[in-house]
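Shown next, in structure tokens, is the structure this report addresses.
Source: prediction; values computed, not measured. Lettering of chains follows the sequences in order, A, B, ..., and the numbering in each one begins at 1.
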Number of protein chains: 2
Amino acid sequence: MNIGTAAERSGLPAKTIRYYEEIGLLKPDRTDNGYRDYSVADLHKLRFLQRSRSLGFSVEECRQLLSLYDDKDRESADVKAIAQAKLAEIDRKLAELAGLRDMLRHLVANCHGDDRPDCPIIDGLSGEAAFVTGGGCHGKEERP
Amino acid sequence: MNIGTAAERSGLPAKTIRYYEEIGLLKPDRTDNGYRDYSVADLHKLRFLQRSRSLGFSVEECRQLLSLYDDKDRESADVKAIAQAKLAEIDRKLAELAGLRDMLRHLVANCHGDDRPDCPIIDGLSGEAAFVTGGGCHGKEERP
DNA sequence: TGTAGTGCTTCCAGTCGCTGGAAGGTCAAG
DNA sequence: CTTGACCTTCCAGCGACTGGAAGCACTACA
């Protein structure tokens with residue numbers, strides 16, 4: 001398939017797809033007229049790139065993960081180690097994202113613009129403390 | 001607190017923190033000697049920036065979310081609309097991330113380098129299809 | 001009271017990951 | 001056989017940092 005179709009189906013702009021080729025993330029065939037020709041496997045890689053890039057993985061990380069996809073010897077220890085590390089990172093990201101969601105939900109639901117200190121949202125924003133139930137926002141901020 | 005401490009506690013490099021100030025994401029006080037002086041609220045914002053940037057939100061999105069944090073009139077409709085939109089996006093990201101995790105897990109656990117077609121991992125990579133149980137990898141790829 | 005060392009400041013240059021635009025070739029429809 | 005959509009390469013620019021130089025500030029220790 002042509003780059004336009006691949007772009008549409010992967011959710012990536014054609015420009016970006018060409019860039020990914022330039023930096024060696026995938027190598028589509030070319031038809032006789034010089035057009036890039038994407039296989040279904042290429043499309044899967046592109047979709048994967050779209051996903052993982054939008055979730056904050058770097059291009060180099062994506063390259064490693066793609067090598068996992070390509071690697072004919074996926075049983076090798078180092079490749080498995082990469083996958084395990086990424087799994088841990090994904091779990092971390094999942095927790096952070098869930099925290100972000102809870103904080104935003106709380107922000108929308110519970111904050112009424114009053115002036116009480118010890119605002120639970122401030123704790124929520126930091127991503128460190130458990131939520132304190134109730135309470136308003138915009139508390140005076142101490143400067144330690 | 002000084003920028004070094006803020007960097008350590010937020011997980012952001014000092015360089016990045018200065019950059020965020022330059023583009024107007026936060027405005028720490030200055031002590032008499034010209035050093036930046038970060039409040040606890042500043043630190044929370046920095047932690048929030050660290051989290052949301054690493055999860056794939058753009059700086060402009062972060063700016064909007066921070067305005068939610070700063071806004072004294074958080075009840076206004078547009079601010080709430082921003083929060084709702086972000087909530088939806090976070091839910092989408094959560095689903096994608098979970099999909100990515102499942103795919104990686106599957107890749108590590110079930111792929112033994114054989115040559116069977118219809119590889120479930122390929123479907124998993126694309127993020128579209130449900131996993132087919134069993135099956136190996138490295139299937140022949142058709143070019144449509 | 002020096003002075004070494006660490007940390008802060010600004011500024012400027014460079015990198016990564018795209019993104020837009022120009023100039024031109026290809027292809028299907030009318 | 002022209003129109004218009006789509007493809008090509010190339011080059012420039014932007015967003016988001018990142019590294020390094022030059023210099024001021026603070027702390028510690030002889």
**OP:** Would you kindly give the CZ-to-C1' distance between A/Arg63 and C/dG17, to the nearest whole Å?
**Re:** 12 Å
**OP:** Measure from the side-chain heavy atoms of B/Lys15 and tell me the nearest of D/dT8, D/dG20, C/dT9.
**Re:** D/dG20
**OP:** Answer yes or no: is there a donor N or O on one side and an acceptor on the other, between the side chain of B/Arg9 and the main chain of B/Leu46, under 3.5 Å?
**Re:** no
**OP:** Let me know the distance between CZ of A/Phe57 and C1' of C/dC16, rounded to the nearest Å.
**Re:** 18 Å
Subject >> Least distance between heavy atoms, A/Glu96 atom then B/Arg51 atom >> reply: O-NH2, 3.2 Å
Original post:
Does A/Arg36 have a side-chain nitrogen or oxygen under 4.0 Å from the phosphate oxygens OP1 or OP2 of D/dC7?
Top reply: no
**OP:** Starting from C1' on D/dA25, measure out to CG on B/Asp37 and report it in whole angstrom.
**Re:** 15 Å
What nitrogen or oxygen pairs link the protein and nucleotides 12-16 of chain D at under 3.5 Å?
| residue | atom | partner | partner atom | Å |
| --- | --- | --- | --- | --- |
| D/dA16 | OP1 | B/Val59 | N | 3.4 |
| D/dA16 | O3' | B/Arg53 | NH2 | 3.3 |

**OP:** Kindly give the heavy-atom pair with the smallest separation between B/Leu66 and B/Leu25, and that separation in Å.
**Re:** CD1-O, 3.7 Å
Original post:
Using a cut-off of less than 4.0 Å, is there contact between a side-chain N or O of A/Thr16 and OP1 or OP2 of C/dG17?
Top reply: no
Subject >> Nearest heavy-atom neighbours spanning B/Asp37 and B/Pro28 >> reply: O-CB, 3.7 Å
Original post:
Checking all strands, does B/Arg18 fall into the base, sugar-phosphate, or nothing category for heavy-atom contacts under 4.0 angstrom?
Top reply: base
Original post:
CZ of B/Arg30 versus C1' of C/dC8: gap in Å, rounded?
Top reply: 10 Å
**OP:** Mind calculating the distance between CD1 (B/Ile3) and P (C/dT6) to the nearest angstrom?
**Re:** 19 Å
Original post:
In whole angstrom, what separates A/Asn33's CG from D/dC6's C1'?
Top reply: 11 Å
Subject >> Nearest heavy atoms of A/Ala7 and A/Ala14, plus distance in Å >> reply: CB-N, 3.8 Å
**OP:** State plainly whether one hydrophobic cluster holds both B/Val40 and B/Tyr35, where clusters connect Ile, Leu, Val, Met, Phe, Trp and Tyr through side-chain heavy atoms under 4.5 angstrom apart.
**Re:** no
Original post:
Quick one: is the NZ or CZ of B/Lys45 closer than 6.0 Å to the six-membered ring centre of B/Tyr38, and within 45° of its axis?
Top reply: no
Original post:
Rounded to whole angstroms, how far apart are OH on A/Tyr35 and C1' on C/dG24?
Top reply: 11 Å
Original post:
A/Glu21 has an atom CD; how far is it from atom P of C/dC18, in whole Å?
Top reply: 15 Å
